[in-house]
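Below: the structure, in structure tokens.
Whatever order the structure lists them in is the order used to number ligands and atoms, beginning at 1.
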Amino acid sequence: MRSDEYDRLYLSPPHLGRHELNYVHKAIEDNWVAPAGPNIDGFERDLNQYVGTQHCVALSSGTAAIHLGLQLLGVGPGDEVLVPSFTFVATANPVCYLGAQPVFIDSEANTWNLCPMRLREALEERARRGKQAKAIIIVHLYGMPALLPELLEIAAEYGVPVLEDAAEALGSRHRGQALGSFGQVAVLSFNGNKIITTSGGGALLTNNGEYARQARWLSTQAKDPAPYYQHSAVGYNYRLSNILAGIGRGQMELIEERVKRRREIYALYHELMRDLPAVEVGPTEPAGTRSNRWLTTILLRPEHTERTPEELRQHLETHNIESRPLWKPLHLQPLFTSAAVYGGQVCADLFTRGLCLPSGSSMTDTDVRRVVKALQEML
Ligand SMILES: *Cc1c(COP(=O)(O)O)cnc(C)c1O
């Protein structure tokens, strides 16, 4: 794809390969347009194989997968779920769907993900109030692996199950093991801006066969085994369509190439801005981890510049370049003013100083240089 000064550079646009249409075409030719079908089975197989999980249920969105995942872990009305404050609201919304309350936990400064010390503090303090958290959600923000050994050890110590929100982290690894395989249940998203897309879609991954069976059942209106329509539980219409799963199959053929390109884009940004003291390109991967570098993010150093991320964003906009603030912490959202929060300063500071840069895998090196040149005009 060619791009010049006048093309709009998007943050993370869909990047289609060559074979999506073959799978979609075949689905239509074979009349497999109903939700079930061979593309669904194939896409689930591809994902299991890539992530190393035993079961995969393809769903209509990542949010739907979080909703079902929390329900499988037993979350219900009045329960508390520990959630990182620094994430997209879709991580926390399903907690509310279930009538439970999110309790927000701050980030640690190295990976920007859940802080183990704050997590322990929250578990202890809630326990003192007679509240055992029903689940912990670990998010790998912008593809960066969270501090998994520390976090999983604490979760196990307190006997609280983990839902791994790997919506941004397909292709990231911890000591060679794919993210999405660490929680009791894990969630992927194939929304249009993610590292691979089905236009809209998600998946629930687990090694627990009973969870997978339940998720399939709940996602297709919870039909009891009877010749007529009989229901004994509230179900949902959450299954991915066989057409969209076809797009997913085509996308999965290219996942490693997409990760490689996103990592190259990050590395080039890093190199080009090495001598700009006002900018820190990061976070840096902890030893033994690989981030998919879904989005390249920068932090401004206030000791070296008076510019704000919003000024940079507006300036990039004059060059027809899209950029976005980092996720606004959930404990600062009007929606969650009454929620409990442990810490909050770390992610609030990241939000104040940070910006996401265009990072789509279809970007050329020239595109990356164009973004850096525009940033340099302000710094
Ligand atoms: C995108 C995203 C989701 C939600 O996925 P959808 O498929 O858009 O519903 C959940 N959590 C995080 C961290 C995300 O980035």
Salt bridge between E121 and R118, side-chain N to carboxylate O under 4.0 Å? yes
Table of N or O contacts for ligand 1, cutoff 3.5 Å:
| residue | atom | partner | partner atom | Å |
| --- | --- | --- | --- | --- |
| ligand 1 | 5 (O) | S189 | OG | 3.2 |
| ligand 1 | 7 (O) | G62 | N | 2.8 |
| ligand 1 | 7 (O) | S189 | OG | 2.7 |
| ligand 1 | 9 (O) | G62 | N | 3.3 |
| ligand 1 | 9 (O) | T63 | N | 2.9 |
| ligand 1 | 9 (O) | T63 | OG1 | 2.5 |
| ligand 1 | 11 (N) | D165 | OD1 | 3.4 |
| ligand 1 | 11 (N) | D165 | OD2 | 2.8 |
| ligand 1 | 15 (O) | E168 | OE2 | 2.5 |
| ligand 1 | 15 (O) | K194 | NZ | 3.2 |

So side-chain hydrogen bond (donor to acceptor under 3.5 Å, both in side chains) across residues 130-144, not counting sequence neighbours, yields H140-E164
- Item | Pair R293 + E168, salt bridge at N-O below 4.0 Å | no
Using a strict cut-off of less than 4.0 Å between a Lys/Arg side-chain nitrogen and an Asp/Glu carboxylate oxygen, indicate whether E271 and R274 qualify as a salt bridge. no
Note to self: I'd like to know whether the aromatic ring centres of Y266 and H270 sit less than 6.0 Å apart in this structure.
What the structure shows: yes
- Geometric cation-pi criterion, R8 with Y10: 6.0 Å, 45°: yes
